[in-house]
There are 2 protein chains.
Amino acid sequence: MPAPEDIPQIFQTTGRRLTSQRRLLLEVLTECHDHLDAETIYDLAKRRDPNISLATVYRTLKVLKAEGIVQERLLEPDGQKHHYEMAANAHYHFTCLECGQVIEFESALIEQACHELAERLKLDVAHARVNLDGHCADCTQLAPMSEDGP
Amino acid sequence: MPAPEDIPQIFQTTGRRLTSQRRLLLEVLTECHDHLDAETIYDLAKRRDPNISLATVYRTLKVLKAEGIVQERLLEPDGQKHHYEMAANAHYHFTCLECGQVIEFESALIEQACHELAERLKLDVAHARVNLDGHCADCTQLAPMSEDGP
DNA sequence: AATGCAATTGCAAATCATTTTCAATTAGGA
DNA sequence: TCCTAATTGAAAATGATTTGCAATTGCATT
Ligand SMILES: [Mn+2]
Ligand SMILES: [Mn+2]
Ligand SMILES: [Zn+2]
Ligand SMILES: [Zn+2]
């Protein structure tokens with residue numbers, strides 16, 4: 001999770017160029033604190049640079065992901081499009097199957113689970129892709145519950 | 001995770017038909033204890049029924065998933081194709097970024113994390129999509145490690 | 001400031017997993 | 001056995017993402 005001022009350094013070090021398009025996409029991602037898909041990022045960027053192309057959005061997202069500057073998420077359980085957000089403190093996501101709401105959360109238990117597995121099997125866990133699906137508090141009231149109820 | 005003998009019942013109850021193609025695909029999935037993608041399932045099935053179509057494989061997988069008979073997994077971190085396995089005891093997966101090996105594991109900690117979130121936010125967690133990525137024990141020896149090393 | 005060139009871009013066409021359309025077939029209840 | 005809605009195969013369509021290519025542009029170097 002690099003600080004914004006470190007980004008030019010990162011690019012320079014890897015022989016990458018900090019183009020106007022990349023700067024713009026970084027702005028969009030930084031300003032919009034949300035989980036955006038490529039098309040939405042494209043739309044937002046196009047407002048400030050009408051010439052930017054969707055291909056550049058995808059290419060840039062791939063670069064930013066490779067550099068650890070953005071994180072890619074698969075929030076929808078049936079996995080169509082990816083969503084992106086600036087890399088920040090490690091966190092996970094819950095998606096409501098009913099209303100689509102996404103809730104971020106942290107979890108020491110999940111981190112423990114990763115450590116435990118790593119130690120037990122002598123392997124190295126680089127990343128945890130964790131997404132919980134279910135019904136949010138609002139939707140739970142109305143929806144029929146899955147298992148046994150009180 | 002229904003027992004094999006319950007499957008006809010499940011189909012009947014939901015007005016679905018137990019066709020020869022569906023029986024065949026259930027056989028393939030049951031016999032091959034592995035995580036198969038749709039194309040592989042198709043290839044295996046075609047050996048016994050050369051007329052079966054890939055469309056039917058996809059349609060059947062969707063039905064079996066909806067009925068909770070098979071589970072869909074996204075094992076590869078860059079999420080191209082899905083993999084399928086018969087629903088069994090809840091478990092998670094670790095994928096080695098180097099050699100592609102997939103390791104199954106169970107985790108009470110992850111289940112705790114789900115319960116904790118559910119209770120804290122009064123929501124209902126129906127399913128946990130958990131995939132850890134990293135380097136397996138074999139590949140860790142050779143690969144440059146990610147963070148600080150001893 | 002001018003030069004050189006590899007990295008990057010926009011556009012269009014290409015991929016590729018998955019879905020859909022539709023006419024023909026078939027499971028399974030009456 | 002009949003009837004009909006569910007299912008199928010084949011081919012075309014979809015939709016997110018990628019790629020080929022010629023034109024542009026950062027940026028290190030004169
Ligand atoms: Mn997030
Ligand atoms: Mn498994
Ligand atoms: Zn909801
Ligand atoms: Zn490995």
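So that the names make sense, note that chain A is the first sequence line, chain B the second, and so on, each numbered from 1. As a basis for the values below, the full set of heavy atoms in this structure was taken, side chains included, without hydrogen atoms, waters or symmetry mates.
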query = Would you say D/dT17 has OP1 or OP2 under 4.0 Å from some side-chain N or O of A/Y58?
reply = yes
query = Could you give the CG-to-P distance, from B/D78 to D/dT17, as a whole number of Å?
reply = 11 Å
Residue B/H91 excluded, over 12 heavy atoms near NE2 under 6.0 Å = yes
ask   = What does B/N51 touch in the nucleic acid at a heavy-atom separation under 4.0 angstrom: a base, only the sugar-phosphate, or nothing?
value = sugar-phosphate
query = If each of A/T60 and B/Q80 is mapped to the nucleotide of DNA chain C with the nearest heavy atom, which maps nearer the 5' terminus, i.e. the 5' end?
reply = A/T60
task = For B/R22, answer base if it contacts any base atom (sugar-phosphate contacts may also be present), sugar-phosphate if it contacts only those atoms, and nothing otherwise; contact means non-hydrogen atoms under 4.0 Å.
result = sugar-phosphate
note = Contacts of B/D37 and B/Q12 projected onto DNA chain C by closest heavy atom; the upstream (5') one is B/D37
ask   = CG/A/L64 to CZ/A/R59 distance, rounded to the nearest 0.5 angstrom?
value = 13.5 Å
query = NA contact type, A/R16, heavy-atom cut-off 4.0 Å: base, sugar-phosphate, or nothing?
reply = sugar-phosphate
ask   = In Å, rounded to the nearest 0.5 Å, how long is the span from CG of B/D34 to NE2 of B/H83?
value = 9.0 Å
query = Are OP1 or OP2 of C/dG10 and a side-chain N or O of A/Q21 less than 4.0 angstrom apart?
reply = yes
inquiry  = Given 3.5 Å as the limit, does a donor-acceptor pair link the side chain of B/T40 with the main chain of B/L36, or not?
reply    = no
ask   = Separation of A/Q9 atom CD from D/dC27 atom P, in whole Å?
value = 13 Å
key: Atom-to-atom span, CD of A/E39 to P of D/dT14 - whole angstrom   = 16 Å
request  = Report the nucleotide, chosen from D/dA10, C/dT18, C/dC11, that has the shortest atom-to-atom distance to any side-chain atom of B/A55.
outcome  = D/dA10
query = Do A/T95 side-chain atoms and A/E76 backbone N/O form a donor-acceptor pair below 3.5 Å?
reply = no
query = Given atom CD of B/E76 and atom C1' of D/dT17, what is their separation to the nearest angstrom?
reply = 15 Å
query = For the pair made of CG in B/L24 and C1' in D/dG9, what is the distance, rounded to whole Å?
reply = 15 Å
request  = Name the orientation class of the two ring planes belonging to B/F105 and B/Y92 (parallel below 30°, tilted from 30 to 60°, perpendicular beyond 60°).
outcome  = tilted
ask   = Given D/dA16, is OP1 or OP2 found less than 4.0 Å from the side-chain N or O atoms of A/H82?
value = no
ask   = Closest to the B/R17 side chain: D/dA5, D/dC27, C/dG10?
value = D/dA5
Separation of atom NZ in B/K65 from atom P in C/dT18, rounded to whole Å = 10 Å
key: d(OH, B/Y84; P, C/dA17) in whole Å   = 12 Å
ask   = Does the side chain of B/T19 get closer than 4.0 angstrom to OP1 or OP2 of D/dT8 through an N or O atom?
value = yes
query = Does a nitrogen or oxygen in the side chain of B/K62 sit under 4.0 Å from OP1 or OP2 of C/dT19?
reply = yes
request  = Verify the contact: side-chain N or O of A/T56 to OP1 or OP2 of C/dG10, cut-off strictly under 4.0 Å; return yes or no.
outcome  = yes
request  = Among C/dA17, D/dG9, C/dG28, find the nucleotide with the atom closest to the side chain of B/L18.
outcome  = C/dG28
ask   = Got a donor-acceptor pair under 3.5 Å from the side chain of B/R59 to the base of C/dT21?
value = yes
remark   = Whole-Å distance, B/K46 NZ to D/dA10 P, equals 10 Å
